[in-house]
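One structure is given below, encoded as structure tokens.
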Amino acid sequence: MSAESTPEPGTPGESGTTGPHDGGSGRRTPRSGRRKALLATAWAAAGVLVLGGTGLGYLYFRLNDNIASVDINQALGSDRPLDVDNGSQDILVLGSDSRSGGNKKLGGGADDGSARSDTAMILHVHEGHKKASVVSIPRDTLVERPACTDAEGVKHAAADGVMFNSAYATGGAACAVKTVESITGIRMDHYIEVDFKGFRKLIDGLGGVEVTTTEDISDKESHLELEAGTHRLTGEESLALVRTRHGVGDGSDLGRIQLQQAFLKALVDQVEEIGVLTSPKKLFDLADTATNAVTTDSDLDSVDGLASFANGLKRIGSSNMSLVTMPVQYDPADGNRVLLDKDKARLVWDALKDDRAIPKAAGKGTATGDAKDVVSPG
């Protein structure tokens with residue numbers, strides 16, 4: 001069953017769903033969030049996979065065997081945006097909300113055999129690999145999902161006015177990439193996916209992530225309880241933070257994205273500081289966790305491939321990252337959904353195509369959350 005026909009909290013027509021709660025002020029009605037995951041783990045995975053070809057013999061092949069992959073190129077064929085060779089890279093980083101295995105305990109909810117991409121980021125690495133732009137795509141954006149063929153060769157029909165995360169639920173990674181390329185007109189060079197369990201283990205392997213909160217956070221949905229101040233979050237606490245929306249700000253998904261972006265900066269700082277090369281065992285343990293945590297496109301499905309990718313990121317610190325949210329406006333018909341602001345979004349896509357900084361004008365007058373300054377790197 002496709003995501004658009006599967007009831008979710010806040011889906012139109014579901015009992016208890018309401019529109020904007022403030023008479024059209026632009027904020028959405030907080031609603032129950034069951035499936036949340038941060039894709040920033042991919043950055044950490046790349047950051048610790050700096051061993052390249054130095055993992056010898058059994059250990060090297062064990063790491064290779066850990067990596068799951070999807071052949072995006074074969075599934076999508078030639079009907080894709082032009083592959084522009086200007087020295088930059090565009091990577092779609094997605095999160096899986098699967099409840100299978102150890103993910104059910106962490107994520108809550110039922111294991112219905114499906115998964116969605118509730119957090120999505122386009123990571124644009126600029127030419128020279130000294131800076132990056134990250135564009136978050138709200139899961140609740142209503143989009144025109146193109147027809148696509150999944151990695152198993154099954155064809156899926158196009159659909160209009162469906163949530164962005166229905167692409168992954170319908171046809172997996174290949175359909176998610178196809179949808180992003182249709183929205184942006186930009187070819188994705190790579191694909192990286194992570195789930196709840198992998199995220200938690202990787203954060204714990206890094207020794208936690210330090211953040212500072214400017215106010216108390218109490219969210220019964222994500223089970224996060226933090227007093228204002230500086231905290232070193234465990235993997236489970238980090239997962240709760242990036243899933244949090246009801247315990248801070250206006251309870252919107254856009255506010256949750258603001259928390260995720262702040263956490264991403266803290267995570268990048270943590271990877272920079274850890275110094276994993278001082279301990280071969282720690283390095284291998286982290287690489288083992290990271291390679292188990294991610295699913296990649298087939299071009300990155302080896303230790304060498306991931307290490308080469310990591311090499312291109314190692315000079316990018318949080319101060320060299322620009323983080324924005326895809327320009328959207330609240331849907332006048334449903335305050336729990338957002339619509340792409342095509343004119344403002346075009347400013348973003350054109351900047352990425354030309355390998356330029358995203359102009360500030362792209363975010364002016366668009367819908368935004370209310371949690372921007374709640375979390376910062378510790």
Side-chain angles (χ1 to χ4, degrees), residues 26-28 36-43 88-95 117-127 129-143 164-165 176 179-189 192 242 245 248-250 252-269 313 316-330 337-377:
R27 294 184 180 179
R28 299 190 333 178
K36 308 291 185 291
L38 177 69
L39 279 307
T41 305
W43 195 288
S88 67
Q89 282 189 320
D90 293 285
I91 302 97
L92 178 60
V93 190
L94 290 184
S117 58
D118 284 331
T119 306
M121 296 178 179
I122 298 171
L123 167 62
H124 178 87
V125 182
H126 291 272
E127 181 183 12
H129 292 205
K130 294 182 180 180
K131 57 182 179 179
S133 296
V134 179
V135 182
S136 297
I137 303 177
R139 66 182 291 279
D140 295 337
T141 309
L142 297 180
V143 301
F164 167 77
N165 71 345
T179 301
V180 171
E181 292 185 344
S182 175
I183 292 171
T184 64
I186 300 171
R187 185 185 179 106
M188 296 294 110
D189 297 298
I192 299 177
V242 300
R245 62 186 290 179
V248 63
D250 58 3
S252 71
D253 186 53
L254 296 178
R256 180 175 64 91
I257 286 175
Q258 291 174 323
L259 295 181
Q260 293 175 349
Q261 291 176 344
F263 182 85
L264 173 55
K265 285 199 169 188
L267 177 57
V268 171
D269 288 343
L313 300 180
I316 302 174
S318 63
S319 62
N320 299 324
M321 292 172 57
S322 169
L323 296 99
V324 303
T325 300
M326 183 178 76
V328 294
Q329 301 291 349
Y330 286 113
R337 301 289 180 262
V338 294
L339 305 173
L340 180 67
D341 187 325
K342 293 184 179 180
D343 290 338
K344 295 293 179 66
R346 181 51 50 200
L347 297 176
V348 176
W349 313 142
D350 286 348
L352 297 189
K353 287 179 184 178
D354 296 338
D355 199 30
R356 295 183 285 105
I358 296 171
K360 292 183 179 180
K364 291 185 178 180
T366 59
T368 183
D370 192 26
K372 182 177 180 180
D373 299 319
V374 174
V375 174
S376 62

Could you go step by step and tell me if Thr325 and Leu254 meet the side-chain contact (heavy atoms from CB on, under 4.5 Å) rule?
-> CA-CA 8 Å; Thr325 300; Leu254 296 178; 4.2 Å; yes
Please find the pair of heavy atoms, one from [X] and one from [Y], that lie closest to each other, and give the distance.
X      : Y      : answer
Pro138 : Phe164 : O-CB, 4.0 Å
Ala362 : Val348 : CB-CG2, 3.7 Å
Leu347 : Pro359 : O-CD, 3.9 Å
His124 : Asp90  : ND1-OD1, 2.6 Å
Met326 : Ile137 : CE-CG2, 3.8 Å
Leu340 : Pro327 : CD1-O, 3.6 Å

Verdict with supporting geometry, Asn320 and His126, side chain to side chain donor-acceptor pair (under 3.5 Å) = CA-CA 10 Å; Asn320 299 324; His126 291 272; over 6 Å; no
Using a 4.5 Å cut-off on heavy atoms from C-beta on, say whether the side chain of [Y] contacts that of [X].
X      : Y      : result
Thr366 : Gln329 : yes
Trp349 : Ile122 : yes
Val143 : Thr179 : yes
Arg256 : Thr119 : yes
Met188 : Ile91  : no
Met321 : Val134 : yes
Ser136 : Val324 : no
Val248 : Leu259 : yes

Taking NZ, NE, NH1 and NH2 as the nitrogens, is one of them in Asp343 or Arg346 under 4.0 Å from a carboxylate oxygen of the other?
->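 Answer for the salt bridge query: no.
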Do any N or O atoms from the side chain of [X] and from the backbone of [Y] form a donor-acceptor pair under 3.5 angstrom?
X      : Y      : value
Glu127 : Ser88  : no
Lys344 : Lys364 : yes
Asp250 : Ser252 : yes
Gln258 : Asp373 : no

Supply the atom-to-atom distance [X] [atom1] to [Y] [atom2], rounded to the nearest 0.5 angstrom.
X      : Y      : atom1 : atom2 : result
Thr141 : Asp253 : OG1   : CG    : 8.0 Å
Ile358 : Leu323 : CD1   : CG    : 9.0 Å
Ile186 : Glu181 : CD1   : CD    : 9.5 Å
Arg245 : Ile257 : CZ    : CD1   : 9.5 Å

Please walk me through it: do Leu352 and Thr184 pass side-chain contact (heavy atoms from CB on, under 4.5 Å)?
-> CA-CA 9 Å; Leu352 297 189; Thr184 64; over 6 Å; no
Can you check side-chain contact (heavy atoms from CB on, under 4.5 Å) on Asp350 and Arg356, steps first, answer last?
-> CA-CA 8 Å; Asp350 286 348; Arg356 295 183 285 105; 4.1 Å; yes
Distance-only donor-acceptor check, side chains Ser318 and Asp269, under 3.5 Å | yes
Could you go through the side chain to side chain donor-acceptor pair (under 3.5 Å) check for Gln89 and Asp189 one step at a time?
-> CA-CA 6 Å; Gln89 282 189 320; Asp189 297 298; 5.7 Å; no
